[in-house]
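Take a look at the structure below.
Just so you know, these numbers use all the heavy atoms, side chains as well, and skip hydrogens, waters and symmetry mates.
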Number of protein chains: 2
Amino acid sequence: MARLSDVIEALIKDMIEEQDGRVEITRGELADRVNCVPSQITYVLETRFTHDLGYLVQSRRGGGGWIRIERIVPGEDKSAYIMHTVNSLDQPLTQHMADIYLRNFVDYGILTEREANLMQAAICDQALAPLPRRPRSEVRTSILKSMLVRYLLDYGRESAVAERETENKEKGGKQKENRK
Amino acid sequence: MARLSDVIEALIKDMIEEQDGRVEITRGELADRVNCVPSQITYVLETRFTHDLGYLVQSRRGGGGWIRIERIVPGEDKSAYIMHTVNSLDQPLTQHMADIYLRNFVDYGILTEREANLMQAAICDQALAPLPRRPRSEVRTSILKSMLVRYLLDYGRESAVAERETENKEKGGKQKENRK
DNA sequence: TGCCTTTGACTTTCTTTGACTTTCATTATA
DNA sequence: TATAATGAAAGTCAAAGAAAGTCAAAGGCA
């Protein structure tokens, strides 16, 4: 018998598929649809929509609150490389090690120097100075993963837009703004 | 959707933009336009138009009273705007507050959406999840500042390169490709 | 038996509302 | 003319509302 969590997972994935890689909905509404308590949604998001799997999850509390789940566009050239790194990252990272990863990305033409610099600024010792060493290296890993997935997400969208535009041009059709 | 506060925020920003960086209006009239109680305007001003975000809000009570909202830093000078933020930021930031800062940058064309997204990924709750709430907000401030400063550094370098290239062109000299 | 799942009571974060207070300009009054 | 009354603002603050988050206990299943 299908576990509830599996049903929720499938539902979310369907919605993501239908909606161009991104869902925004209230946790409560999602819970209503499958008749479960809201906290179960949280559980599913935490266990099945992780960075490693290429998802970003955000939320906002209070009136008008929501949860948002976004997924990278798989199958791009870059994405395999970056996701491979994301998946292999599971140990705490020193700044030095993180720098090496970033340098590699630049050397292989995956990231521009600017992009790498920005990421470096987020995970350098100075930025994380308020933290003791222990959680510092842990959170460094987490931040790096988050940024890499985000990068991929926007990168994928951009190429998708570019493709669509090329198609339109080929068809000689006129294009209209389709991003809100 | 349509959180009232968001509508009010957008409305005020539009008015500021149209009127060259400053609006003067009665709180009551603003409230009437969006059909809310006047104190909600106060709430929006307090949360979205603070000094740190680059605004100066003044008001006068009594008959003929008004509120005035003004951008502190002129819109054209991107680096001044970012520096203002870096300098005035020193309180711990919730993700929600950080998002407001980033959206402000995007609204004024200081960061592209992608750049803001990338920064957002570095300071979102999901990325900082390994941390307990207390140090989390503190380190968020620190990371954001670090990224903004780095952004400025590279931004400066880039405009310096652009300038140099212009100079070279003017001299008719040929230029070396030194940046992607 | 040990790991997932499921549940629900309780907490925290944001937003909206409204009753009450303070301040100011204008007008009326002594 | 000096003061008092009036009305028109904005300010304050706490309560109610609307979400999501947390966490530990209970339930299943390999």
Rounded interatomic separation in angstrom, taking CZ from A/Phe49 and C1' from D/dA20: 17 Å

Rounded distance (Å) that lies between atom C1' of C/dT17 and atom CD1 of B/Ile41: 13 Å

Minimum-distance nucleotide (side-chain atoms of A/Arg61 versus D/dA19, D/dT12, C/dT23): D/dA19

Steps toward side chain to side chain contact (heavy atoms under 4.5 Å, CB included) verdict (B/Tyr55, B/Arg71): CA-CA 5 Å; B/Tyr55 300 94; B/Arg71 283 189 73 188; 3.7 Å; yes

Atom-pair distance (CD on B/Glu9; P on C/dC14), nearest Å: 14 Å

Toward the 5' end of DNA chain D, by each residue's nearest nucleotide, B/Leu45 or A/Trp66: B/Leu45

Heavy atoms from other residues, nucleotides or ligands near CZ of B/Arg68 exceed 12 (cutoff 6.0 Å): yes

Rounded distance in Å - CZ (B/Arg140) to P (C/dT13): 11 Å

Atom-to-atom span, CZ of B/Arg136 to C1' of D/dT22 - whole angstrom: 11 Å

Distance, rounded to the nearest Å, where A/Arg27 contributes CZ and D/dA19 contributes C1': 8 Å

Under 4.0 angstrom between B/Ser59 side-chain N/O and D/dA9 OP1 or OP2: no

DNA chain D: 5'-proximal contact among A/Gly62 and B/Arg133 (nearest heavy atom): A/Gly62

Sidechain N-carboxylate O distance under 4.0 Å for B/Glu9, B/Arg103: yes

d(CG, B/Asn35; P, C/dT16) in whole Å: 13 Å

B/Ile123 and B/Leu102, any side-chain heavy atoms less than 4.5 Å apart: yes

Student check: side-chain heavy atoms of B/Leu128 and A/Val139 closer than 4.5 Å: yes

Under 4.0 angstrom between A/Ser39 side-chain N/O and D/dG21 OP1 or OP2: no

Mutual orientation of the aromatic rings belonging to A/Tyr108 and A/Tyr81 [parallel < 30°, tilted 30-60°, perpendicular > 60°]: tilted

Interatomic distance where CG belongs to B/Leu93 and P belongs to C/dT13 [whole Å]: 14 Å

Residue met sooner reading DNA chain C from 5', once A/Cys36 and B/Thr94 are mapped to nucleotides: A/Cys36

Report, one pair per line, the protein and nucleotides 4-6 of chain C atoms (nitrogen or oxygen only) whose separation is under 3.5 Å.
from	atom 1	to	atom 2	distance (Å)
C/dT5	OP1	A/Arg48	NH1	3.0
C/dT5	OP2	A/Tyr43	OH	2.0
C/dT5	OP2	A/Arg48	NH1	3.4
C/dT6	OP1	A/Leu4	N	2.8
C/dT6	OP2	A/Ser5	N	2.9
C/dT6	OP2	A/Ser5	OG	2.4
C/dT6	OP2	A/Gln40	NE2	2.2
C/dT6	O5'	A/Gln40	NE2	3.1

Validation row: B/Gln91, B/Met97 side chains within 4.5 angstrom (heavy atoms): no

